[in-house]
Amino acid sequence: MRLPTDPAAIERAAELLRAGGLVAFPTETVYGLGARADDDAAVGRIFALKGRPADNPTIVHVASAEAAFALVDSPSDAARSLAQAFWPGPLTLVVRAKPGAVSAVARAGGATVALRVPAHPVARALLLAAGVPVAAPSANRSTAISPTTAEHVEKSLGGGVLVLDAGPTGFGIESTIVDVTSSLAVVLRRGSVSREEIARVAGGARDAADRVEVEGAPMRAPGAMARHYAPRVPLLLTALPSAAAFGSGAGYLLLEGAIAPSDAAAVRFSPAEPAAYAALLYASLHALEDAGVDRIVVQEPPVTPEWAAVNDRLRRASAR
Ligand code: TXA
Ligand code: MG
C-alpha cells in the first residue's frame with residue numbers, strides 16, 4: 001500500500017517499524033525495505049519477503065553519524081573521515097560491529113556491519129521518528145532490478161507492503177560501499193561517490209568491486225554477486241546496436257542521439273552523462289521489461305572512470 005509522505009504517514013510507518021513490521025521508504029539512491037535492525041525476527045521478515053539468501057547481510061540505516069558510531073567497535077580514522085565528508089549521502093561504511101548492537105541476522109552472522117546515513121528527507125524523517133537503527137536492503141526481490149519508484153517496489157514485492165511514496169529517487173543506483181575495517185579503505189561496490197573521492201579523503205583506497213562471485217556460493221565479499229540487478233529477460237551489452245541483429249522482439253536502451261533499429265519492439269534513450277544516466281537506468285530497465293520485450297539490448301557507455309558505477313551495474317545485469 002502506498003502512502004504519501006506527510007507527517008501522519010511517517011509517524012504511522014515509524015510505529016510499524018518499532019513494532020517489528022516492514023516499511024519500504026525512499027532514499028536518495030533507491031527505495032529500501034526496512035525493519036528495525038536490533039530485532040532478529042523483524043530483520044528475518046526482510047529476508048523472507050525478498051527471497052534473500054541468509055548469508056547476504058543488509059545495510060543498517062541511521063539518522064546521524066553519531067547514531068552510526070554508537071554501533072561501531074573502535075572506528076578507524078578512515079571511517080571517521082569518510083563519514084565526515086560524505087554523510088548524509090550515498091556512502092555505506094563497513095565497520096566492526098559493537099557486540100550486541102545490531103541483529104546477527106542483519107550482519108549475516110559476521111563481525112562487521114554496513115552503516116549508512118541517508119540524505120533523503122523522508123528517510124531522515126522516518127529514522128528520526130522510529131528512533132531505532134533500520135536494516136534496509138533495496139526493496140525488490142533478490143537479484144531483480146532495484147526500485148527507484150514506489151511503483152517499482154509494488155511491482156517486485158506486491159501490494160501488501162507499506163511504501164512511503166516520494167516519487168523517483170535522485171541518484172538512481174545504490175550507495176558506494178567501502179570497507180574501513182583495516183587501515184586501507186577498500187571499495188566493495190561502486191556508486192556515486194567515486195573511488196578517487198574515497199581515496200582522496202581516506203588517504204588511499206583499494207578497489208575490490210571488480211571481484212564477482214557466483215550466487216549461492218559462500219560470499220567472501222557480499223554484494224559482489226555476478227548476477228544482480230538483472231531484468232527477467234536477457235540483457236546484452238553491445239557497442240553499436242544494429243538493425244535486425246537481435247530480432248524483432250528486442251528492446252533497446254540507447255544513448256541519446258543513437259539511431260534505433262527499425263525493427264525494435266521498444267526503445268528508451270538515456271542521457272550521455274553518467275549521473276543523469278544512472279538516475280534513469282533502473283526506470284528504463286523496468287519500462288523495457290514491462291513492455292514485454294524478449295531481450296534488452298544496451299548500447300555500452302564509454303569505459304571511463306566517470307562511468308564506472310553505471311558500467312558495473314550493466315555488467316552485473318548482463319551476467320547470466
Ligand atoms: O543505496 C543503497 O545502498 C540501498 C539503499 C536502500 O540504502 N541499499 C542497498 O542494499 O543497496 P542491498 O542490500 O541491496 O545491498 C547492500 C549490499 C549487499 O550487497 C551486501 O552484501 C553488502 O551491501 N553488505 C551488507 N553488509 C555488509 C558487510 N557487513 N560487509 C560487506 N558487505 C556488506
Ligand atoms: Mg539490492
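Positions are given from 1, in the same order as the sequence printed here. Ligands are counted one by one from 1 in listed order, and the atoms in each one are counted from 1 as well.
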Considering only heavy atoms of [X], which atoms of ligand 1 have at least one such atom less than 4.0 Å away?
X      : result
Ser175 : 1 (O), 2 (C), 3 (O)
Pro137 : 10 (O), 12 (P), 13 (O)
Arg116 : 1 (O), 2 (C), 3 (O), 5 (C), 7 (O)
Leu188 : 31 (C)
Ile59  : 3 (O), 8 (N), 9 (C), 10 (O), 16 (C), 23 (O)
Thr58  : 25 (C), 26 (N)
Ile177 : 17 (C), 22 (C), 23 (O)
Ala114 : 25 (C), 26 (N), 27 (C), 29 (N)

Donor-acceptor under 3.5 Å ([X] side chain, [Y] main chain):
X      : Y      : value
Arg36  : Ala135 : no
Glu306 : Pro274 : no
Ser175 : Pro90  : no
Ser76  : Val180 : yes

Determine, considering heavy atoms only, which of [options] sits nearest to [atom].
atom                    : options                     : answer
atom 21 (O) of ligand 1 : Val94, Asn56, Ile173        : Asn56
atom 24 (N) of ligand 1 : Pro57, Ala24, Pro26         : Pro57
atom 8 (N) of ligand 1  : Pro90, Pro53, Ala136, Gly32 : Ala136

Q. Does NZ or CZ of Arg313 come closer than 6.0 Å to the centre of the six-membered ring of Tyr282, within 45° of the ring's axis?
A. no
Tell me, do [X] and [Y] make a side-chain contact under 4.5 Å, heavy atoms counted?
X      : Y      : answer
Ser138 : Lys50  : yes
Ser81  : Val201 : yes
Leu127 : Pro118 : yes

> Is Arg52 in contact with ligand 1, taking contact as a heavy-atom separation below 4.0 Å?
Replying inline: yes
Pair [X] + [Y], salt bridge at N-O below 4.0 Å:
X      : Y      : result
Arg116 : Glu174 : no
Arg18  : Glu11  : yes
Asp312 : Arg189 : no

Could you see if Ile46 belongs to whatever hydrophobic cluster contains Val102? Use Ile, Leu, Val, Met, Phe, Trp, Tyr and a side-chain cutoff under 4.5 Å.
no
Between [X] and ligand 1, which part of the residue brings a heavy atom under 4.0 Å of the ligand: side chain, backbone, both or neither?
X      : answer
Thr112 : both
His120 : neither
His61  : side chain
Asp179 : neither

- Message: I'd like to check whether Ser138 has a polar contact with ligand 1, where a contact means an N/O of the residue lying under 3.5 Å from an N/O of the ligand.
- Response: yes
Test of proximity, Tyr31 against ligand 1: N or O pairs below 3.5 Å
no
N/O/S of Ser142 less than 2.8 Å from the Mg ion (ligand 2)?
no
